[in-house]
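First up is the structure itself, then whatever we jot down about it.
Here is the naming used below: chain letters follow the sequence lines, and residue numbers restart at 1 for every chain.
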Amino acid sequence: MRELIKMVVILTILSSFSGGILAYVKDVTEKDIDMQRLKFEKAPAIKEILANATNDPLKDRFVVMDGKKKVSVFVGKVDEKFNFITFEAQGKGFGGDMGVMIGVNLEEDKIIGIGVTTHSETPGIGSKAKTDKAFKAQFVDMALVEKFSVKDDGGAVDTISGATVTSKGVCIALNQASALYKRIKPEILKKINELPK
Amino acid sequence: MAKTLAQEFTKGLWDEIPPFRLVLGLCPALGVSTTMENGIGMGIATTFVLICSNILVSLFRNIIPTKVRIVCFIIIIATFVTLVELLMQAYTYELFLKLGVFIPLIVVNCVVLGRAEAFAYKNKLLPSLADGLGIGLGFTMALGALGFVREVLGTGACYGVNLMGSSYKPFTFMVEAPGAFVALGLMLCLMNMVGKK
């Protein structure tokens with residue numbers, strides 16, 4: 001009996017110490033990790049989508065609450081107006097979750113560009129979603145209210161050959177994005193007005 | 001059995017060098033040694049975990065009940081691995097992206113668990129420290145060497161420096177998984193030849 005109690009006590013102490021240390025380190029590194037993610041994963045997609053912006057979208061960013069979830073919105077200034085925004089949505093690809101950055105024209109509610117950020121798709125096949133220009137370009141000027149689906153499912157989106165699941169994943173992300181956009185648009189407009197001109 | 005500290009340290013560099021002599025830790029050794037940089041990065045991460053877990057296991061060896069020792073080892077190891085993962089995300093994000101899933105997999109790396117069970121649990125602090133340092137360095141060297149051989153043969157270059165001359169046709173088999181086994185086998189063979197004299 002005493003041995004059993006000893007085992008339980010030691011395991012409990014060990015686990016709680018471990019948990020405590022990790023929680024502390026996570027707290028300390030969280031900011032740096034966010035910055036690194038921004039720099040290496042999101043920044044390239046944002047810069048590509050907002051290539052014409054005259055400001056720095058990485059600086060002009062704010063957080064909008066969607067229920068309890070935080071959504072980072074990056075704003076691009078074109079023709080002296082903060083008209084273009086990008087934000088990220090999640091889709092499910094072949095290798096798991098993938099992040100898709102979506103650029104929207106606020107006045108017309110139209111897509112100005114998309115870019116894949118984080119993914120674990122097969123290199124050379126599904127990973128083309130990140131690099132294939134034709135695949136990404138087809139989304140430009142589509143309204144962000146419609147339902148996106150690939151041609152196999154009766155939709156309008158051309159798949160990347162050999163990567164149907166990945167292409168569907170992008171559609172999932174876009175559908176999620178359009179629902180999200182509808183919910184947070186008023187908030188976005190309000191925040192943009194608060195930005196320094 | 002009474003070995004000096006120096007002997008405990010140096011045995012890991014040749015006599016018991018992990019992937020070759022102990023034939024432990026093959027999974028990360030074969031998975032990440034596609035380039036020298038990846039191999040060394042993985043080696044350093046493993047070394048850190050190995051040293052820390054050896055120290056803690058050795059310190060607590062009289063408190064940890066024999067029946068639940070493996071669980072305790074895993075908790076200790078997993079804590080340090082998560083720590084490494086967070087730190088790498090915060091400060092060396094590119095390397096973290098390249099090593100990917102192999103970082104969390106250090107938890108189940110037999111080298112780390114093996115040293116905790118076979119050495120640190122039975123020895124005092126200083127020998128355990130020397131053992132962890134030696135085996136860790138040996139592992140790093142081995143992964144670096146394996147990575148170097150595979151990178152040079154498989155791509156003809158190392159760190160972007162062309163070593164094989166422009167007429168060399170890259171032997172891409174070497175950077176794929178089966179090539180890792182072949183490279184490992186050949187290097188072990190070479191080590192045995194040198195060892196025999």
Side-chain angles (χ1 to χ4, degrees), chain A residues 1-46 58 93-99 101 115-127 130-131, chain B residues 31-32 34-35 38 45 48-49 52-53 55-107 116 120-121 172 175-177:
Chain A
M1 193 60 197
R2 278 199 45 197
E3 200 194 351
L4 188 73
I5 294 174
K6 195 183 165 201
M7 282 196 259
V8 172
V9 168
I10 287 189
L11 278 181
T12 314
I13 294 174
L14 205 57
S15 319
S16 29
F17 260 103
S18 152
I21 292 169
L22 289 182
Y24 173 74
V25 174
K26 191 177 161 61
D27 216 46
V28 172
T29 52
E30 200 174 16
K31 253 201 174 139
D32 287 318
I33 293 177
D34 277 350
M35 278 312 289
Q36 296 272 23
R37 288 229 168 102
L38 199 65
K39 201 165 132 202
F40 287 104
E41 287 169 358
K42 297 183 183 164
I46 295 170
L58 293 180
F94 189 71
D97 286 334
M98 56 184 193
M101 190 60 77
V116 175
T117 53
T118 45
H119 72 90
S120 31
E121 301 307 291
T122 321
I125 304 173
S127 69
K130 195 167 179 161
T131 47
Chain B
V32 300
T34 46
T35 68
N38 286 3
F48 172 77
V49 174
C52 295
S53 72
I55 290 176
L56 278 195
V57 168
S58 165
L59 276 180
F60 295 139
R61 71 185 186 284
N62 294 325
I63 310 172
I64 296 175
T66 324
K67 280 183 184 163
V68 288
R69 64 182 192 284
I70 301 285
V71 185
C72 294
F73 298 163
I74 299 258
I75 294 177
I76 292 172
I77 295 167
T79 309
F80 285 114
V81 170
T82 316
L83 212 68
V84 168
E85 198 184 352
L86 286 171
L87 291 176
M88 282 185 85
Q89 277 190 65
Y91 303 111
T92 55
Y93 200 76
E94 276 172 310
L95 189 62
F96 169 78
L97 283 184
K98 279 192 207 141
L99 296 181
V101 76
F102 287 102
I103 295 291
L105 277 180
I106 298 177
V107 177
Y121 195 53
T172 43
V175 287
E176 283 160 22

May I ask you to check whether over 12 heavy atoms, not counting those of A/Phe94, lie within 6.0 Å of atom CZ?
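No, not enclosed.
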
Working to the nearest 0.5 angstrom, can you tell me the gap between [X] [atom1] and [Y] [atom2]?
X	Y	atom1	atom2	value
B/Ile64	B/Cys72	CD1	SG	5.0 Å
B/Phe80	B/Ile75	CZ	CD1	12.5 Å
B/Leu86	B/Ile103	CG	CD1	11.5 Å
B/Leu59	B/Ile76	CG	CD1	9.5 Å

For residues A/Ile10 and B/Val68, determine if any side-chain heavy atom of one lies less than 4.5 Å from a side-chain heavy atom of the other.
no

Residue part contacting chain A, namely of B/Leu56, when any heavy atom lies under 4.5 Å:
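Neither part, no heavy atoms under 4.5 Å.
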
Under 3.5 Å, what donor-acceptor pairs does chain B form with chain A?
from    : atom 1 : to      : atom 2 : distance (Å)
B/Lys67 : NZ     : A/Glu3  : OE1    : 3.4
B/Thr79 : OG1    : A/Ser18 : OG     : 2.8
B/Gln89 : OE1    : A/Arg37 : NH2    : 2.9
B/Ala90 : O      : A/Gln36 : NE2    : 2.6
B/Tyr91 : OH     : A/Asp32 : OD2    : 3.1
B/Tyr93 : OH     : A/Arg37 : NE     : 3.3
B/Tyr93 : OH     : A/Glu41 : OE2    : 2.8

